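What follows is a short report on a single structure.
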Amino acid sequence: MAIQPIDVKYTAVATAENGRDGRVATDDGKLDVVVNPPKEMGGSGAGTNPEQLFAAGYSACFQGALGVVARKEGADISGSTVTAEVGIGSTPEGGFGLTVALSASIPNVDADTAKSLLEKAHQVCPYSNATRGNIEVTLSVK
């Protein structure tokens, strides 16, 4: 599949020091956090970690995509939430891989409509488009 060109409107810039056991900050200073491996991976767990940052970004982005789809469909998603669970583990090849489980609560629509909105948002969300075919992403309605 060929990479599709895009008209870039914004570029985020972040720099990490000392990898998974250090610090990461954006060039504008709006994000500046200590990162440490979680205790489950032998780290101190004192700071945040890349998986938490990815989960935060993906859930926010997906919620935005859900809003775009809902407006087109005329659906009321007020009061909705999206939760992203990002797992990390070893691959059979000896590297590491990620999994993502996205779940949404959309109180003002029925379950079938909610599922349809999630599937359509998954086609629109930039994070979903970036991960498609690379990691397992599951969708569910809370």
Side-chain angles (χ1 to χ4, degrees), residues 1-73 75-109 111-142:
M1 174 195 243
I3 296 175
Q4 298 296 315
I6 64 169
D7 179 18
V8 175
K9 305 288 186 209
Y10 168 76
T11 300
V13 178
T15 302
E17 299 172 5
N18 297 322
R20 296 180 69 84
D21 205 1
R23 176 180 162 261
V24 65
T26 56
D27 64 334
D28 62 5
K30 292 180 181 177
L31 178 71
D32 189 342
V33 295
V34 172
V35 290
N36 301 114
K39 289 182 179 181
E40 296 84 351
M41 294 182 68
S44 69
T48 190
N49 59 65
E51 292 71 39
Q52 288 174 324
L53 295 171
F54 187 71
Y58 203 160
S59 63
C61 189
F62 198 88
Q63 178 79 37
L66 185 62
V68 168
V69 169
R71 280 188 292 282
K72 287 181 182 176
E73 301 279 321
D76 178 7
I77 64 159
S78 58
S80 66
T81 61
V82 173
T83 301
E85 297 178 38
V86 175
I88 183 171
S90 301
T91 65
E93 297 82 23
F96 291 92
L98 299 175
T99 63
V100 175
L102 296 170
S103 59
S105 171
I106 311 173
N108 298 322
V109 300
D112 288 340
T113 300
K115 184 173 183 198
S116 175
L117 290 171
L118 288 183
E119 290 169 356
K120 290 174 182 174
H122 193 44
Q123 299 306 309
V124 173
C125 177
Y127 276 61
S128 293
N129 288 331
T131 59
R132 187 170 289 108
N134 298 309
I135 65 174
E136 178 186 0
V137 178
T138 60
L139 305 174
S140 66
V141 177
K142 293 182 192 177

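Worth saying up front: this structure is predicted, and the values here are computed from it rather than measured. Residue indices begin at 1 and follow the sequence shown.
For the residue pair Ser78 and Asp76, the shortest heavy atom distance occurs at OG-OD1, 2.6 Å. Of all the heavy atoms in Leu117 and Ala75, the pair that sits closest is CD1-CB, 3.9 Å. Taking every heavy atom of both residues into account, Gly19 and Val35 meet most closely at O-CG2, 3.4 Å. Minimum heavy-atom separation, Val86 to Glu51: CB-O, 3.8 Å.
Checked against side chain to side chain contact (heavy atoms under 4.5 Å, CB included), Ala16 has the following partners two or more places apart in sequence or in another chain: Val24. Tyr58 is linked by a ring-ring contact (aromatic ring centres under 6.0 Å, His included) to Phe54, Tyr127, counting only residues two or more places apart in sequence or in another chain. Glu73 meets the salt bridge (Lys or Arg N to Asp or Glu O under 4.0 Å) test with Lys120; sequence neighbours excluded. Applying the side-chain hydrogen bond (donor to acceptor under 3.5 Å, both in side chains) criterion to Asp21, with sequence neighbours excluded, gives Asn36. Thr113 pairs by the side-chain hydrogen bond (donor to acceptor under 3.5 Å, both in side chains) definition with Asp110, not counting sequence neighbours. Applying the side chain to side chain contact (heavy atoms under 4.5 Å, CB included) test to Lys39 and every residue at least two apart in sequence or in another chain returns nothing. In this structure, Lys72 has no salt bridge (Lys or Arg N to Asp or Glu O under 4.0 Å) partners at least two apart in sequence or on a different chain. Residues that satisfy the salt bridge (Lys or Arg N to Asp or Glu O under 4.0 Å) test with Lys9, not counting sequence neighbours, are Asp7. With sequence neighbours excluded, the residues forming a salt bridge (Lys or Arg N to Asp or Glu O under 4.0 Å) with Asp32 are Arg23, listed by chain and number.
Here the straight-line distance linking atom CZ of Arg20 with atom CD1 of Ile88 works out to 4.5 Å at 0.5 Å rounding. The distance from atom CG of Leu66 to atom CD1 of Ile77, rounded to the nearest 0.5 Å, is 4.0 Å. Annotation: the span from Leu53 atom CG to Thr48 atom OG1 amounts to 4.5 Å, rounded to 0.5 Å. Taking CE of Met41 as the reference point, atom CZ of Phe96 lies at 5.0 Å (rounded to 0.5 Å). From Asn129, atom CG reaches atom CD of Gln123 across 7.0 Å, with rounding to the nearest 0.5 Å.
Note on residues 88-103: no pairs pass salt bridge (charged side-chain N to carboxylate O under 4.0 Å, His left out), not counting sequence neighbours. Annotation: salt bridge (charged side-chain N to carboxylate O under 4.0 Å, His left out) contacts involving residues 53-68, sequence neighbours excluded, are absent.
Using a distance-only test at 3.5 Å, with no hydrogens or angles considered, no donor-acceptor pair links the side chain of Glu85 to the main chain of Ala101. Checking side-chain atoms of Ser116 against main-chain N and O of Asp112 turns up no donor-acceptor pair under 3.5 Å.
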Distance-only donor-acceptor hits, side chain of residues 133-142, under 3.5 Å, sequence neighbours excluded:
| residue | atom | partner | partner atom | Å |
| --- | --- | --- | --- | --- |
| Asn134 | ND2 | Ala130 | O | 3.0 |
| Lys142 | NZ | Thr83 | OG1 | 2.8 |

